[in-house]
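Counting from 1, the numbers follow the sequence of the chain as shown.
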Amino acid sequence: MRLRGVGLLLLAVALSPSPLPAGAQTAGRGAQASQSAGVPRTRDGRPDLSGIWQALNTANDNLLSHSASEGVPAGLGVVEGDEIPYRPEARDKKQENFANRATRDTESKCYLPGVPRITYMPFPFQIVQTPNVTTILYEYVHAIRYIHTNGSPHPAGPIEWWMGDSRGRWEGDTLVVDVVHFNADTWFDRTGHFHSEALHVVERYSLMDADHINYEVTIDDPKVFTRPWTMRMVLYRHREPNFQLLDYDCYAFEWEKYYPYPGL
């Protein structure tokens, strides 16, 4: 497996603001600072999310609680109430998706998986935080996502993008990301949970301590669901020595057959 380009990693390190040690937090943050003791902060006092993270769950296989099956480990659900509130006609389509999941899931076609699914796929990702934009570098298919935190609005739509358009703001110590402008082609998991182009995602990233992020996502799509619903999970910081993003290239055809490479 080849290493991701050295230049990109060096750029990520260079752009990441230096975190302040816990003892250097400004006194003006009062009780909030004391409640967040041990959370690394940037020089402007924001919690520093920079680092390499990964979700360690089975949400990509199935957002809901499920038993083990061939190729799929058992898992606890990440959806509040362990239920997704489909409209009746949408529930029928979900069942149809499940029956045809081997070919219909866009992951099997190597397309971008959308937001929030790319966060809980079984691959690490790196957050590079600066005052005006937070960049997320994903190991999966070299995807890159920009979360603009400079107060700029979403562009006028409708626009149908695989990963949507992300605009962030800080609510206290939580980074809140509003995401719109999706296409209707991605799924939330491998079982066929889906959405329309009207999808509206709100993510909330909250540092629990230096090595854990509480990740909360609210999903709203009136064409598919009867009400908004929420999923929650923990993201874990990689602390292994020299840990870094590697290459994961996905091809919807037999790459090695047509482009043999020595040593693979």
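In summary, D105 and R117 engage in a salt bridge, as defined by a charged side-chain N under 4.0 Å from a carboxylate O. For R91 and E89, the salt-bridge test fails: no basic side-chain N is under 4.0 Å from an acidic carboxylate O. R41 has a carboxylate O that lies under 4.0 Å from a charged side-chain N of D173, or vice versa, which qualifies the two as a salt bridge. D165 has a carboxylate O that lies under 4.0 Å from a charged side-chain N of R167, or vice versa, which qualifies the two as a salt bridge.
Below 30°, between 30° and 60°, or above 60°: for Y248 and Y140 the angle between ring planes is below 30°, a parallel geometry.
Counting only residues at least two apart or in different chains, side-chain hydrogen bond (donor to acceptor under 3.5 Å, both in side chains) contacts with residues 75-86 comprise S65-D82, E80-R232, Y86-H193. The ring-ring contact (aromatic ring centres under 6.0 Å, His included) pairs that include a residue from residues 92-121 are Y111-W162, where partners are two or more places apart or lie in different chains. A ring-ring contact (aromatic ring centres under 6.0 Å, His included) check over residues 43-84, counting only residues at least two apart or in different chains, returns nothing.
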### Task
Could you walk me through whether H238 and Q54 pass the side-chain hydrogen bond (donor to acceptor under 3.5 Å, both in side chains) test, one step at a time?
CA-CA 7 Å; H238 279 279; Q54 189 167 356; 2.7 Å; yes
### Message
Please determine whether ring pair (Phe, Tyr, Trp, His ring centres under 6.0 Å) holds for the pair F194 and F188, giving the CA-CA distance in whole Å, both sets of side-chain angles, and the decisive distance to 0.1 Å.
### Response
CA-CA 6 Å; F194 75 104; F188 293 114; 8.4 Å; no
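Using a 4.5 Å cut-off on side-chain heavy atoms (C-beta onward), L49 and L207 make contact. Looking at heavy atoms from C-beta onward, P124 lies in side-chain contact with L245 at the 4.5 angstrom threshold. No side-chain heavy atom of E197 sits less than 4.5 Å from a side-chain heavy atom of F182.
The number of heavy-atom neighbours closer than 6.0 Å to CG of L76, taken from other residues, nucleotides and ligands shown, is 12 or below. Within 6.0 Å of atom OH in Y146, 12 or fewer heavy atoms from other residues, nucleotides or ligands are found, so the atom counts as exposed in its surroundings.
E139 contributes no side-chain N or O that, together with a main-chain N or O of F123, makes up a donor-acceptor pair within less than 3.5 Å.
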